[in-house]
Peer 1: 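Below is one structure. I have some questions about it.
Numbers here are sequence positions counted from 1. Keep in mind it's a predicted model, so treat the numbers as computed, not measured.
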Amino acid sequence: MKKFLVGVMTLVSLAMPWQASAEEDTTTSAEALLHQMDKATRQLSYEVSYILIKKNSIEPLRYRHAIEDGQTYAHLVYLSGPPREVIQRGEEVSYFEPGLDPFTINSNRMVAPLPPIMRSNVAELAQYYDFIPMGRSREAGTACDVVRIAPKDGARYSYLLWMDTHSHLVLRADLLDRDGEPLEQYRAVSYVVNDKVADVLESLKSVKLPEVVQLPPQPQVQLSWQVTWLPQGFESIAHNRHRLMLTERPVESQMYTDGLFSFSIYVSAADGFSVREQLVRQGRRTLHSQLLKDKEVTVVGDIPPATARRVAESVTFDGAGKP
């Protein structure tokens with residue numbers, strides 16, 4: 001029994017951050033470590049194989065990245081299930097999904113399952129999050145600096161990051177709820193930093209990709225509502241008015257982000273199918289819906305249920321909202 005307990009404690013210790021010894025350099029601040037991570041993510045040639053762990057699923061992924069002639073080349077492949085991949089070539093991103101015609105859009109970033117911190121502005125996040133050094137640990141067989149990204153207002157989730165002490169790449173990212181319980185994890189199982197990754201991605205220069213989708217210009221929409229409370233740092237990045245496919249019911253929507261998390265608000269006239277209040281949480285995603293006067297207000301996104309409820313309750317109809 002004693003040997004068994006020793007073995008269990010050894011496994012636990014490997015999973016937890018440990019404090020560096022006096023001989024090791026621990027002078028780099030947490031924010032500086034994140035800036036090093038951001039630089040490495042954007043500039044290095046590397047390949048990382050992740051597993052994305054959710055409550056009821058594990059998704060294996062492989063991501064390759066390189067810079068050639070000042071252009072970004074990247075390739076994300078889902079390693080199980082139907083063939084799926086995303087290709088970035090400069091300012092164009094192409095998506096290949098089963099059941100859909102492949103398409104390309106003008107963009108400088110993928111919409112793909114990668115640790116969100118890899119595509120965030122660290123300097124802007126510093127206004128709304130505390131960066132807390134958590135010592136060092138091991139992940140994917142290498143020493144890592146561990147940093148916690150915690151919201152200053154407590155109204156959103158937090159992240160715990162493991163970054164390779166040499167390359168500064170993210171090797172593990174745990175999304176934590178407000179009680180510190182993990183909602184999902186990105187964990188590297190293998191990685192390589194090598195200029196030869198650029199040679200592997202060389203073929204992306206000549207491969208024929210789908211034509212760029214020309215999106216019609218969005219007309220300026222004056223919404224019939226406004227939101228009076230948002231967590232600090234969240235700003236509107238898109239708004240729209242459309243009809244639901246099945247019911248043809250008109251809906252107004254607005255999307256918000258703080259650079260790390262995002263959510264949307266949907267407002268429509270209540271009907272016979274509307275419920276007084278509904279809350280659904282699945283992993284990182286929360287759906288909160290409630291009736292306000294004769295309107296159905298729904299908040300959907302990567303925020304805690306209490307935050308989603310407060311956002312919904314702050315919607316008012318006393319005049320037109322801001323587009």
Side-chain angles (χ1 to χ4, degrees), residues 34 36-54 57-122 139-142 144 159 161-164 166-173 175 184-215 259-260 262:
L34 291 176
Q36 291 173 349
M37 176 276 301
D38 180 64
K39 182 179 179 180
T41 298
R42 298 175 188 273
Q43 297 184 1
L44 293 181
S45 294
Y46 59 92
E47 174 184 310
V48 183
S49 292
Y50 289 104
I51 53 173
L52 172 56
I53 305 171
K54 299 182 181 180
S57 67
I58 298 178
E59 182 85 69
L61 309 154
R62 184 184 67 223
Y63 179 68
R64 290 172 174 156
H65 175 277
I67 300 292
E68 282 288 306
D69 301 323
Q71 295 267 53
T72 297
Y73 292 87
H75 190 198
L76 176 81
V77 178
Y78 296 74
L79 299 178
S80 66
R84 291 178 290 168
E85 57 185 313
V86 185
I87 294 174
Q88 180 177 355
R89 187 169 64 187
E91 298 294 312
E92 297 180 354
V93 181
S94 301
Y95 296 87
F96 301 83
E97 294 276 350
L100 297 175
D101 291 333
F103 63 94
T104 300
I105 62 173
N106 285 316
S107 179
N108 60 3
R109 64 174 61 186
M110 292 181 175
V111 178
L114 291 168
I117 189 64
M118 292 172 59
R119 307 184 296 277
S120 298
N121 186 313
V122 174
E139 194 66 29
T142 191
C144 292
Y159 267 103
L161 301 179
W162 283 250
M163 296 167 288
D164 178 11
H166 298 290
S167 71
H168 308 298
L169 293 176
V170 177
L171 299 186
R172 177 174 170 181
L175 176 66
E184 67 179 32
Q185 295 178 318
Y186 289 90
R187 302 191 70 164
V189 294
S190 66
Y191 76 105
V192 61
V193 181
N194 196 305
D195 290 339
K196 291 184 178 179
V197 176
D199 298 335
V200 175
L201 295 177
E202 181 80 17
S203 62
L204 295 184
K205 293 183 178 180
S206 57
V207 68
K208 183 174 176 57
L209 297 175
E211 294 293 328
V212 175
V213 175
Q214 299 298 330
L215 300 176
L260 190 58
S262 61

Peer 1: As a quick check of understanding, evaluate side chain to side chain contact (heavy atoms under 4.5 Å, CB included) for E92 and N106, giving each step before the final call.
Peer 2: CA-CA 5 Å; E92 297 180 354; N106 285 316; 3.8 Å; yes

Peer 1: Among all residues two or more places apart in sequence or in another chain, which pass the ring-ring contact (aromatic ring centres under 6.0 Å, His included) test with Y95?
Peer 2: F103

Peer 1: Using modelled atom types only, decide if a donor and an acceptor are shared between the side chain of T104 and the backbone of P210 within a distance under 3.5 Å.
Peer 2: yes

Peer 1: Scan the side chains in residues 194-202 for donor-acceptor partners under 3.5 Å anywhere in the protein, sequence neighbours excluded, and list what turns up.
Peer 2:
unit_1 : atom_1 : unit_2 : atom_2 : d
N194   : OD1    : K196   : N      : 2.9

Peer 1: I'd like to know if the side chain of R89 and the backbone of L204 have a donor-acceptor N/O pair within less than 3.5 Å.
Peer 2: yes

Peer 1: Is there any side chain to side chain donor-acceptor pair (under 3.5 Å) pair reaching into residues 108-122, and which pairs are they, with sequence neighbours excluded?
Peer 2: none

Peer 1: Would you mind writing out the side-chain donor-acceptor pairs for residues 74-81 within the sub-3.5 Å range, not counting sequence neighbours?
Peer 2:
unit_1 : atom_1 : unit_2 : atom_2 : d
H75    : NE2    : E85    : OE1    : 2.6

Peer 1: Does Y159 reach the side chain of P115, with side-chain heavy atoms less than 4.5 Å apart?
Peer 2: no

Peer 1: Can you tell me how far OH of Y186 sits from CD of E59, rounded to the nearest 0.5 angstrom?
Peer 2: 10.0 Å

Peer 1: Tell me, please, which residues at least two apart from P98 pass side-chain contact (heavy atoms from CB on, under 4.5 Å).
Peer 2: P82, R84

Peer 1: Side chains of L171 and Y191: closer than 4.5 Å at any heavy-atom pair?
Peer 2: yes

Peer 1: Table please: side-chain donor-acceptor pairs of residues 61-69 below 3.5 Å, with sequence neighbours left out.
Peer 2:
unit_1 : atom_1 : unit_2 : atom_2 : d
R64    : NE     : E47    : OE1    : 2.6
R64    : NH2    : E47    : OE1    : 3.3
H65    : ND1    : L44    : O      : 2.9

Peer 1: Taking G90's backbone N and O only, do any of them form a donor-acceptor pair with Q88's side chain (distance below 3.5 Å, no angle check)?
Peer 2: yes

Peer 1: For the residue pair L161 and L34, establish whether any side-chain heavy-atom pair is separated by less than 4.5 Å.
Peer 2: yes

